[in-house]
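Encoded as structure tokens, the structure appears first; notes follow it.
As the structure lists them, so they are numbered: ligands from 1, and atoms in each ligand from 1. Everything quoted here is computed from the prediction, not taken from an experiment.
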Amino acid sequence: MQSEPVVLIGAGGHAKMVIEACRSASTWRLIACMDREPRSTKLLGVDVIDESETAIEQAIEAGQWFFVAIGENAVRGRVSHALAARGAKFATVIAASAYVSRSATVGPGTVIMPNAAIGAATTIGSGCIINTSASIDHDGQIESFAHIAPGTHIAGNVRVGAGAMLGIGCSVIPGIEIGEWAMVGAGSTLIRNIPARSKWVGSPARCIDPS
Ligand SMILES: CC(C)(COP(=O)(O)OP(=O)(O)OC[C@H]1O[C@@H](n2cnc3c(N)ncnc32)[C@H](O)[C@@H]1OP(=O)(O)O)[C@@H](O)C(=O)NCCC(=O)NCCS
């Protein structure tokens, strides 16, 4: 299969991870990273260029795909919406060592990092990060721009709202609902539903900010 050209937006640590995920799977051919404030001319051997209006326009006209490689959920969402309004199309990046069930779906602009596992009938929305060695069991629903950090394990029938962030090494029991833009601290265990925009930490998790 011939690889498709992709431009990354962003040139930081998360972009490095995305570059290596792209290279592992050979679905995508990296054209460049675009950044508003480039700090170097190369990132892991990929050209870093200024994220100018002209550069974006040229990439869209050339039929290149985009991938927004920005770790912060709200910023990734904002940048993705702006690009979509200009007609950009988004790549889905799945590292070669990730497992994605044939009955799962993965949206555009989402990355599935190495050794992550996506179970049966699970739906992953657009612009999500399913990070290294995270697992999501059957019938999960992960809404757009959520981030499931490395080593987090989510049981069956869990819904994660848009833009929510589950820190490194969390556990979530079956059937839990996590509200949109909620934040769960590293190493936490979620045993009850949590509302939108609230912040939870610990095992079992307690609320430290209800807003
Ligand atoms: C949850 C988190 C965002 C809280 O940050 P914060 O709002 O700055 O909160 P604070 O550091 O002021 O801590 C507030 C309280 O929560 C506790 N707390 C914070 N994070 C905690 C965690 N992960 N587990 C248990 N308790 C935690 C603090 O000890 C403190 O408790 P206290 O008031 O009894 O002293 C942050 O600690 C965290 O866990 N981030 C996850 C980062 C991550 O995994 N990123 C993935 C990158 S790939």
Would you say atom 46 (C) of ligand 1 touches the protein, meaning some protein heavy atom is under 4.0 Å from it?
yes
Are Asn73 and Trp181 side-chain neighbours, meaning at least one heavy-atom pair lies under 4.5 Å?
yes
Under 4.0 Å from any heavy atom of Ile168, which atoms of ligand 1 are there?
43 (C), 44 (O), 46 (C)
Sub-4.0 Å atoms of ligand 1 with respect to non-hydrogen atoms of Gly167:
43 (C), 44 (O)
Whether Met17 lies under 4.0 Å from ligand 1, heavy atom
no
Which residue owns the protein heavy atom closest to atom 31 (O) of ligand 1, what's the atom, and how far is it?
Arg206 NH2, 3.5 Å
Nearest protein heavy atom to atom 5 (O) of ligand 1, by residue and atom, and its distance?
Lys199 NZ, 4.4 Å
Tell me: protein heavy atom nearest atom 19 (C) of ligand 1, and distance?
Val201 CG1, 3.9 Å
Heavy atom of the protein closest to atom 39 (O) of ligand 1 (residue, atom name, distance)
Ala186 N, 2.9 Å
Counting only N and O atoms by type, is there a donor-acceptor contact under 3.5 Å from the side chain of Thr110 to the main-chain atoms of Gly127?
yes
Among all protein heavy atoms in this structure, tell me which lies nearest to atom 15 (C) of ligand 1, with the distance rounded to 0.1 Å.
Ile208 CD1, 4.2 Å
Can a non-hydrogen atom of Gly187 be found less than 4.0 Å from any atom of ligand 1?
no
Does the protein put a heavy atom under 4.0 Å from atom 33 (O) of ligand 1?
no
Does the distance from a Lys or Arg side-chain N to an Asp or Glu carboxylate O, for Glu180 and Arg197, drop under 4.0 Å?
yes
Atom 24 (N) of ligand 1 protein-contacted (non-hydrogen atom, under 4.0 angstrom)
yes
Output yes when Arg78 and Glu72 qualify as a salt bridge under the 4.0 Å nitrogen-oxygen rule, no when they do not.
no
Any protein heavy atom sitting closer than 4.0 Å to atom 3 (C) of ligand 1?
yes
Whether over 12 other heavy atoms sit under 6.0 Å from Arg192 CZ
no
Distance flag for atom 11 (O) of ligand 1, protein heavy atom under 4.0 Å
no
Check ligand 1 against Met183 and write out every atom of the ligand that is under 4.0 Å from a heavy-atom position of the residue.
3 (C), 40 (N), 41 (C)
In ligand 1, the atoms that come under 4.0 Å of a heavy atom of Pro150 are 48 (S)
Strictly less than 4.0 Å: does any protein heavy-atom distance to atom 37 (O) of ligand 1 fall in that range?
no
Determine whether any protein heavy atom is located less than 4.0 Å from atom 41 (C) of ligand 1.
yes
